[in-house]
K.L.:
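I'd like to ask you about the structure that follows.
Residue numbers begin at 1 in each chain, while the letters A, B, ... track the order of the sequences. These values consider heavy atoms only, across backbone and side chains, with no hydrogens, waters or symmetry-generated copies.
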2 protein chains.
Amino acid sequence: MTGQVRTVDGRVAGRRGQATRQKLLDCLSEMLNSSPYRDVKVIDVARKAGTSPATFYQYFPDVEGAVLEIAEQMASESSSLSEVLEGRSWVGKAGWQTAQDFVDDFLDFWKKNDAILRVVDLGAAEGDKRFAKLRLKILNSATTPLTGSIKELQAKGRVDKDINPAAVSGALVVMLSGVTSQLKGFQTWGVKQADLRPTLAQLVHLGVTGKKPTK
Amino acid sequence: MTGQVRTVDGRVAGRRGQATRQKLLDCLSEMLNSSPYRDVKVIDVARKAGTSPATFYQYFPDVEGAVLEIAEQMASESSSLSEVLEGRSWVGKAGWQTAQDFVDDFLDFWKKNDAILRVVDLGAAEGDKRFAKLRLKILNSATTPLTGSIKELQAKGRVDKDINPAAVSGALVVMLSGVTSQLKGFQTWGVKQADLRPTLAQLVHLGVTGKKPTK
DNA sequence: ACTTGTCCTGTCATGCTGTCAGCTTACCGA
DNA sequence: TCGGTAAGCTGACAGCATGACAGGACAAGT
């Protein structure tokens, strides 16, 4: 299904080839964690992987191409985000717990993949469709079930009909992702980590149900 | 106060020098709007400004340094954001209007300075303190008065004591900025621009007051 | 015209990019 | 066991960006 892994010049990658390819991706991943995206050079990645730039170009067209690859691997892991909300209630104390769990899962995922997501965000914001698509895929794992929850509540008459479920859940998810990538900023505002999660859960609950949670 | 504008090698820039310096900044600004940050090269900026790379390096240490300069100019314009909330009410219909105006102003500002803010965000997220400080300065124009509003409401007993005003306003502002830089994503979710603003205003109102607005 | 200090650019050493030809290595069938 | 074939890697190279410097052009005052 996945099609065979191929080199830039069309060869089929074997076991050894896939290993070096993966090593390059891992090294790139590390570099993104430690240095600014703008300063990540092919030659550094290659050196770190104990190989030569020419080898890098055998597997990827450029740095961007390799980043896309990493991001794709990550995107397939993001589906776990959608499971948290399955069959969960948004009413009463259970609702408050749902909001908290959702926020926790999302924040953990985002923090873990911090560096790549930063680059994906940038690419998407700059109008690159491949990055935008990928970003969407990731965010969808969160927004789709959220939107579903809101629609359900609307159907039961618990939420006003005039609100747009997709817009609300999109905004909430963007909020969570934004907060994660700028955690340090919040520290400067004197906001402690411990205060942040409940605050976000509160906002999510408010956004979804339109009501303050019962704690 | 601002100190004289100086070249990298310490000379004082005269009238002509400041003009070319500004021209370089303008051209860089344009380039950021049209091409990915990673691909912006000194040589292109210089060419576009009708000068040579050497001239660029006379005024700025590197591309990043020049971006910081642009961002600083923008940051001083951001103070206008704090004026919208002065003396505004968060109660009843007036409150709904306040939320809408706030969202409108913020979105307009963010959209206007889209490209630079993207880079500032990236720099801050990557841990560069200069960018983080700048970003804070800009966001503070929005969060400070928002936080103030929430504190006032708390003092009047209209908002629960156990919420953290700084955390809430920070999260809301991050939400607004995130939504703006990813507008295209929302279109893909089938959310129209016209739906987005009221949705965001609603969320801001909910976050600040804990109650649904009376429209 | 001369001096002074600002302003700009030609030039150069250095380093990264991206491509190619060609060498080495692993696998497989006879 | 022995080629044959395709995968895998790299040295070499041309092209371009970087960043530093020295020196020439220019404007303004004397």
K.L.:
Rounding to an integer number of Å, can you tell me how far A:D9 CG sits from D:dC9 P?
P.N.:
12 Å

K.L.:
Is there a donor-acceptor pair under 3.5 Å between the side chain of B:R197 and the backbone N or O of B:V103?
P.N.:
no

K.L.:
Can you tell me the distance, in whole Å, between the CG atom of B:D39 and the C1' atom of D:dA17?
P.N.:
13 Å

K.L.:
Within the pair B:S52 and C:dC8, is there a side-chain N or O less than 4.0 Å away from OP1 or OP2?
P.N.:
no

K.L.:
Pick out the pairs of N or O atoms, protein on one side and nucleotides 20-25 of chain C on the other, that lie under 3.5 Å.
P.N.:
none

K.L.:
For the pair A:S82 (side chain) and A:S79 (backbone), establish whether a donor and an acceptor sit closer than 3.5 Å, ignoring hydrogens and angles.
P.N.:
yes

K.L.:
Taking atom C1' of C:dT6 as reference, at what distance in whole Å does atom CD of B:Q58 sit?
P.N.:
9 Å

K.L.:
Does any part of the side chain of B:F106, heavy atoms only, come nearer than 4.5 Å to the side chain of B:V84, both counted from C-beta?
P.N.:
no

K.L.:
Could you check how far CD of B:Q18 sits from C1' of C:dC8, rounded to whole Å?
P.N.:
16 Å

K.L.:
Check whether any side-chain N or O of A:T55 sits under 4.0 Å from OP1 or OP2 of D:dT10, and answer yes or no.
P.N.:
yes

K.L.:
Quick one: list whatever passes side-chain contact (heavy atoms from CB on, under 4.5 Å) with A:P53, sequence neighbours left out.
P.N.:
A:V42, A:I43, A:A46

K.L.:
When all nucleic acid strands are considered with a 4.0 Å heavy-atom cut-off, which category describes B:R21: base, sugar-phosphate, or nothing?
P.N.:
nothing

K.L.:
Using the test side-chain contact (heavy atoms from CB on, under 4.5 Å), find all partners of B:N113 that sit at least two apart in sequence or belong to another chain.
P.N.:
B:M74, B:F109, B:L117

K.L.:
Would you classify B:F60 as touching base, sugar-phosphate or nothing, given that sugar-phosphate means primed atoms plus P, OP1 and OP2, and contacts are heavy atoms under 4.0 Å?
P.N.:
nothing

K.L.:
Could you walk me through whether A:L68 and A:V120 pass side-chain contact (heavy atoms from CB on, under 4.5 Å), step by step?
P.N.:
CA-CA 8 Å; A:L68 269 169; A:V120 174; over 6 Å; no

K.L.:
Grab the N/O contacts between the protein and nucleotides 14-17 of chain C below 3.5 Å, and write none if there aren't any.
P.N.:
| unit_1 | atom_1 | unit_2 | atom_2 | d |
| --- | --- | --- | --- | --- |
| C:dT17 | OP1 | A:V42 | N | 3.3 |
| C:dT17 | OP2 | A:V42 | N | 3.3 |
| C:dT17 | OP2 | A:I43 | N | 3.0 |

K.L.:
For A:D44, check side-chain contact (heavy atoms from CB on, under 4.5 Å) against everything at least two apart and list the hits.
P.N.:
A:M31, A:K41, A:R47

K.L.:
Donor-acceptor pair, A:S78 side chain versus A:A75 backbone, under 3.5 Å?
P.N.:
yes

K.L.:
Between D:dC9 atom C1' and A:Y59 atom OH, what is the distance in whole Å?
P.N.:
8 Å

K.L.:
Under 6.0 Å from the six-membered ring centre of B:Y37 and within 45° of its axis: does the NZ or CZ of A:R38 meet both?
P.N.:
yes

K.L.:
If you write DNA chain D from 5' to 3' in dot-bracket form, with Watson-Crick or G-U pairs under 3.5 Å, [ ] for crossing pairs and | for pairs with another strand, what do you get?
P.N.:
||||||||||||||||||||||||||||||

K.L.:
Give a yes or no answer on whether the side chain of A:T7 reaches the backbone of A:R11 with a donor-acceptor pair at less than 3.5 Å.
P.N.:
yes

K.L.:
Looking across every strand, which nucleic acid part, if any, lies under 4.0 Å from A:T7 by heavy atom: base, sugar-phosphate, or nothing?
P.N.:
nothing

K.L.:
Between A:F60 and A:F56, how do the two ring planes meet: parallel, tilted or perpendicular, split at 30° and 60°?
P.N.:
tilted

K.L.:
If you pin B:T20 and A:D62 to their nearest nucleotides in DNA chain C, which one's is more 5'?
P.N.:
B:T20

